[in-house]
Amino acid sequence: MDLTVVAYVVYTAVSVGLTMWVARTLSRNGLIFLADVLGGDEKLAEAVNHLLVVGFYLVNLGFIALYLRDSGGVADVRELVETVSLKLGVVLLVLGVLHLGNVYVLGKIRRRGLAERRQAPTLMP
């Protein structure tokens, strides 16, 4: 088998596996944060969490597919390792940037919600 095809298979398998692991981890651990951001509404938090996971998969799997092609061939094992590590490094950086972007946006929403709750007048009976 051509080493370029081996690089494609290894890159795709590891990238998809990492994407699935990160999505599950963020989904499971982010649900509490989302519930807090959304004012304690658990059902809404679960729905938003699911939508975020679907979007995460679409963006990451699309990027993985687009980034699959290698302009040059892979001639030896050293180039195979270098090609796969470069591609995986880029995928991991994209995963990290997407995660930080989500946390930033959700943090801003949370801060705005906390500020609105502090400013809301309390009603005395």
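Checked by atom type, the side-chain pair Ser27/Asn49 shows a donor-acceptor distance below 3.5 Å.
A donor-acceptor contact shorter than 3.5 Å is absent between the side chain of Tyr104 and the backbone of His99. In terms of modelled atom types and a separation under 3.5 Å, the side chain of Ser15 and the main chain of Thr12 share no donor-acceptor contact. Side chain of Lys108 to main chain of Val103: no donor-acceptor pair is present (N/O by atom type, distance under 3.5 Å, no hydrogens or angles). A distance-only check finds no donor-acceptor pair linking the side chain of Thr19 to the backbone of Asn60 [under 3.5 Å].
Between the CE atom of Met20 and the OG1 atom of Thr25 there is a distance of 11.5 Å, given to the nearest 0.5 Å. One distance of note links CG of Leu106 with CZ of Arg111; it measures 10.5 Å at 0.5 Å rounding. Atoms CG and CD, from Leu3 and Glu79 in turn, are 9.0 Å apart once rounded to the nearest 0.5 Å. Separating the CG atom in Leu98 from the CG atom in Leu93 is a distance of 11.0 Å, to the nearest 0.5 Å. For the atom pair OH of Tyr11 and CG of Leu80, the computed distance is 14.0 Å after rounding to the nearest 0.5 Å. One finds the CG atom of Asp41 at 12.5 Å from the CG atom of Asp36 (value rounded to the nearest 0.5 Å).
Under the 4.5 Å side-chain heavy-atom criterion for Ile, Leu, Val, Met, Phe, Trp and Tyr, Val81 and Val10 are members of distinct hydrophobic clusters. One hydrophobic cluster holds both Ile109 and Leu34 under the rule that ILVMFWY side chains link at heavy-atom gaps under 4.5 Å. Linking Ile, Leu, Val, Met, Phe, Trp and Tyr residues whenever their side-chain heavy atoms come within less than 4.5 Å places Val84 and Trp21 in a single cluster. Tracing side-chain contacts under 4.5 Å through hydrophobic residues (I, L, V, M, F, W, Y), one reaches Val22 starting from Leu92; they form part of the same cluster. Cluster annotation: Leu31 is not connected to Leu52 through the hydrophobic network of ILVMFWY side chains, with a link wherever side-chain heavy atoms come within less than 4.5 Å.
Heavy-atom neighbours of Leu68 CG from other residues, nucleotides or ligands within 6.0 Å: above the threshold of 12.
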Q: May I have the step-by-step check of side chain to side chain contact (heavy atoms under 4.5 Å, CB included) for Leu38 and Val48, ending in yes or no?
A: CA-CA 9 Å; Leu38 299 170; Val48 169; 3.9 Å; yes
Q: Decide side chain to side chain contact (heavy atoms under 4.5 Å, CB included) for Phe63 and Val90; before the verdict, give the C-alpha distance in whole Å, the side-chain angles of both, and the deciding distance to 0.1 Å.
A: CA-CA 10 Å; Phe63 178 77; Val90 171; 3.6 Å; yes
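Nearest heavy-atom pair, Arg69 versus Lys87, reported as atom, atom and distance to 0.1 Å: O-NZ, 3.2 Å. Val74 approaches Ala7 most closely through the heavy-atom pair CG2-CB, 4.2 Å.
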